[in-house]
Engineer: 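My structure is below; once you've seen it, I'll send some questions.
Note on naming: letters A, B, ... go to the chains in the order of the sequence lines (proteins, then strands), and numbering restarts at 1 for each one.
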There are 2 protein chains.
Amino acid sequence: MAERTHVTLQDVARAAAVSPATASRVLNGTAKVRDDLRERVQDAAGRLAYAPNAHAQALAGASRPTVGVICHDVSDPYFAVIARGIMRVAGDNGLLVMLASTFRDADREVAYVSMLRAQRAPAILLIGSGFEDKTWERSLAAELGPYLRGGGRVAVVSRHRSLRVDSVLPENRAGAAALANALLEMGHRRFAVLAGPRALTTVADRIAGFRSALAGAGVPLSEEDIVECGFTRDGGYAGMSSLIDRGMRATCVFAVTDVMAIGALTALRDKGLSVPGDVSVAGFDDIPIVRDLTPPLTTVALPLEQLGEQAMELALRENSGRRSRIVRVEGRVVIRESTGRVRS
Amino acid sequence: MAERTHVTLQDVARAAAVSPATASRVLNGTAKVRDDLRERVQDAAGRLAYAPNAHAQALAGASRPTVGVICHDVSDPYFAVIARGIMRVAGDNGLLVMLASTFRDADREVAYVSMLRAQRAPAILLIGSGFEDKTWERSLAAELGPYLRGGGRVAVVSRHRSLRVDSVLPENRAGAAALANALLEMGHRRFAVLAGPRALTTVADRIAGFRSALAGAGVPLSEEDIVECGFTRDGGYAGMSSLIDRGMRATCVFAVTDVMAIGALTALRDKGLSVPGDVSVAGFDDIPIVRDLTPPLTTVALPLEQLGEQAMELALRENSGRRSRIVRVEGRVVIRESTGRVRS
DNA sequence: CTGAAAGCGCTTACAG
DNA sequence: CTGAAAGCGCTTACAG
């Protein structure tokens with residue numbers, strides 16, 4: 001490998017025949033400098049293609065303008081929309097944003113937090129449901145605590161409360177309950193649920209909300225009606241397929257995320273079943289693509305972009321109180337053509 | 001804001017009653033240290049929740065394990081799959097990956113490169129078509145050149161060659177030509193193209209390939225048959241809508257990306273036209289979601305994940321030669337149900 | 001306004 | 001094996 005050789009402030013100062021201090025002041029605009037010196041410095045910097053060493057700057061006390069955002073998978077459309085909101089607010093505040101995917105690997109998540117902490121990033125955002133996992137939470141808290149005490153800002157979206165940091169929380173229970181009520185209203189009485197891992201708080205909350213609304217109407221939802229499958233499009237496909245294979249009795253299937261519902265719809269198509277003719281399907285989140293499906297998907301719409309905006313704003317705005325702030329965000333049931341009335 | 005106060009190596013060393021040098025050696029495992037000292041250091045570090053300052057480490061010469069990846073929009077499914085490939089290879093090599101979205105803003109792109117350069121990231125990857133824009137290219141080259149000379153690694157995907165860096169290039173012309181031939185074979189003779197900005201090299205190449213294959217068969221493609229619209233799902237929707245409104249004569253529409261084709265399909269559905277009954281639709285890229293559309297989309301499949309893997313590998317593998325390396329990647333036509341034969 | 005100097009928190013030869 | 005010291009490249013009081 002070629003020698004790593006960099007142009008330094010020293011080099012620029014020397015070329016401009018000024019002190020490093022003066023060169024620094026010119027390049028950062030932190031103080032008035034005589035015109036001719038300023039020009040010489042700018043000239044030299046341009047000529048030498050000088051790029052300041054961010055590490056040295058940071059070490060010397062300059063502030064870092066790059067916030068870190070950690071999610072499970074940037075390619076998940078749910079996250080993608082949230083990220084857009086985060087970046088909008090960050091951009092408005094002159095901040096750059098760098099994203100990382102953990103693929104739900106706890107170690108990797110801690111590694112990213114640790115790296116961001118080591119880099120003294122001004123803020124860290126954690127997006128997406130956490131696991132009900134004490135060990136994981138503890139090692140995460142072990143990173144986050146000192147980071148916060150050191151002046152770092154943290155905000156999370158959809159994360160279990162026990163982290164005790166500023167949070168944006170979708171009303172998963174209420175949203176799922178509202179959806180259940182809408183489906184009951186359409187005449188459905190036999191349901192199945194495509195669930196992701198139950199240890200995910202988001203999954204648990206959505207199932208609980210859905211189930212309690214059904215219970216309120218005297219409609220049971222047994223454990224057999226709940227298929228636990230991957231929290232992905234392929235998971236939804238597999239879950240729906242097995243549901244069909246074992247002889248589904250449900251008139252309506254609730255997939256706990258739109259992404260899973262997409263897989264479910266394709267599984268139904270592949271098995272030759274029609275939606276909503278043979279069975280109705282509903283999801284949760286309202287990611288943009290569901291409008292392009294055939295039929296368009298009934299779902300609980302979360303203001304995803306706002307979720308991201310609010311999280312970034314929480315991280316930006318000083319928390320004057322002594323306890324963590326929580327912003328709760330409501331979902332709204334959107335009925336589209338993937339669900340139909342039951343002919344009685 | 002709370003005082004930013006951090007635990008330093010000094011603090012750990014003091015607490016363990018050793019020198020900073022020894023503490024450093026223990027924490028990095030760079031040299032043998034007597035067992036009792038080692039334990040004292042590890043104890044102290046744990047107790048104080050010590051996190052090394054990455055800036056100081058970097059400045060002192062340690063290597064940085066985080067590569068930067070810059071794309072137009074992480075939420076674009078095309079990029080998402082490529083990113084997965086990048087991350088797989090990076091993970092195998094013990095590297096962390098941070099992603100950034102530019103939203104096609106040249107200034108922002110340069111800002112990210114500059115930041116990564118300032119941070120002395122070991123490698124920078126640029127993903128996605130560039131504009132045919134000299135000014136942009138120049139300012140980018142002004143950052144990349146010194147970065148490379150300083151020992152940084154750069155690799156790009158789908159980027160115009162003039163940057164003169166290691167590249168992974170999909171065979172856009174050949175792929176589009178093969179698609180055109182397949183469609184001709186199905187009996188189509190009247191085509192329309194939904195194109196993104198012509199200044200994007202990817203768009204220009206795909207149109208050129210498509211058109212030249214048609215020309216080879218004596219089928220003209222006039223400028224009026226090409227609708228220039230946004231390089232997004234909404235662009236495809238708008239482009240298709242206007243095509244319909246002005247009285248489309250084509251039997252087959254080629255959208256230069258799958259993402260645009262998705263919008264086109266929905267526009268057709270909204271106008272009450274059936275695919276492929278009334279009109280056939282084809283895309284390019286083969287992003288995963290197109291299998292879930294109804295009907296599934298005919299397209300040119302690019303091995304997207306491999307594109308990312310190869311780019312990361314280029315950045316990792318020393319370039320012994322004096323010129324930049326180019327990896328060309330072929331597309332493969334995949335006929336699905338969104339295209340049909342023309343009954344003659 | 002400008003410069004010399006100290007200091008940010010590490011790592012790594014260099015001595016012992 | 002261990003420690004004192006120099007140095008990485010900046011910024012910012014502190015003097016002038």
Engineer: Taking NZ, NE, NH1 and NH2 as the nitrogens, is one of them in A/Asp35 or A/Arg38 under 4.0 Å from a carboxylate oxygen of the other?
Structural biologist: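 A salt bridge links A/Asp35 with A/Arg38.
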Engineer: For atom C1', what is the distance between D/dT12 and D/dG16, given to the nearest Å?
Structural biologist: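 To the nearest whole Å, 16 Å.
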Engineer: Can you tell me if A/Asp166 uses its side chain to pair, donor with acceptor, with the backbone of A/Ala155 under 3.5 Å?
Structural biologist: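 Side chain of A/Asp166 to backbone of A/Ala155: no pair is present.
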Engineer: May I ask you to decide whether B/Glu143 forms a salt bridge with B/Arg149, counting only side-chain N to carboxylate O separations under 4.0 Å?
Structural biologist: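 So B/Glu143 does not pair with B/Arg149 through a salt bridge.
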Engineer: Between B/Ala17 and B/Ala56, which residue's closest nucleotide on DNA chain D lies nearer the 5′ terminus?
Structural biologist: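 Of the two residues, B/Ala17 wins.
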Engineer: Would you verify whether the NZ or CZ of B/Arg104 falls within 45 degrees of the ring axis of B/Trp136 while also being under 6.0 Å from that six-membered ring's centre?
Structural biologist: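 Here B/Arg104 fails the 6.0 Å and 45° test against B/Trp136.
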Engineer: With A/Thr8, which residues qualify under side chain to side chain contact (heavy atoms under 4.5 Å, CB included), at least two apart?
Structural biologist: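 Side chain to side chain contact (heavy atoms under 4.5 Å, CB included) check on A/Thr8 returns A/Gln10, A/Asp11.
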Engineer: Using the heavy-atom set of chain A and a strict 4.0 Å cut-off, write down the first and last nucleotide of DNA chain C that makes it in, 5' to 3'.
Structural biologist: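 Range of nucleotides within reach of chain A: C/dC1 to C/dG9.
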Engineer: Give the dot-bracket line for DNA chain C from 5' end to 3' end: parentheses for intra-strand Watson-Crick or G-U pairs under 3.5 Å, square brackets for crossings, | for inter-strand pairing, dots for unpaired.
Structural biologist: |||.||||||||.|||
Engineer: Taking atom types as modelled, find out whether B/Arg84 and A/Ser75 have a side-chain donor-acceptor pair closer than 3.5 angstrom.
Structural biologist: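 Yes, a side-chain donor-acceptor pair sits under 3.5 Å.
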Engineer: Tell me which of B/Ala60 and B/Arg25 sits closer to the 5' end of DNA chain D, going by the nucleotide each one is nearest to.
Structural biologist: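 This one resolves to B/Arg25.
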Engineer: State plainly whether the residues B/Arg159 and B/Glu109 are in salt-bridge range, i.e. N to O under 4.0 Å.
Structural biologist: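 Salt bridge flag = yes for B/Glu109 with B/Arg159.
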Engineer: Regarding B/Ser158 and B/Tyr78, do their side chains bring together a donor and an acceptor under 3.5 Å, going by distance alone?
Structural biologist: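 The answer is yes; a qualifying pair exists.
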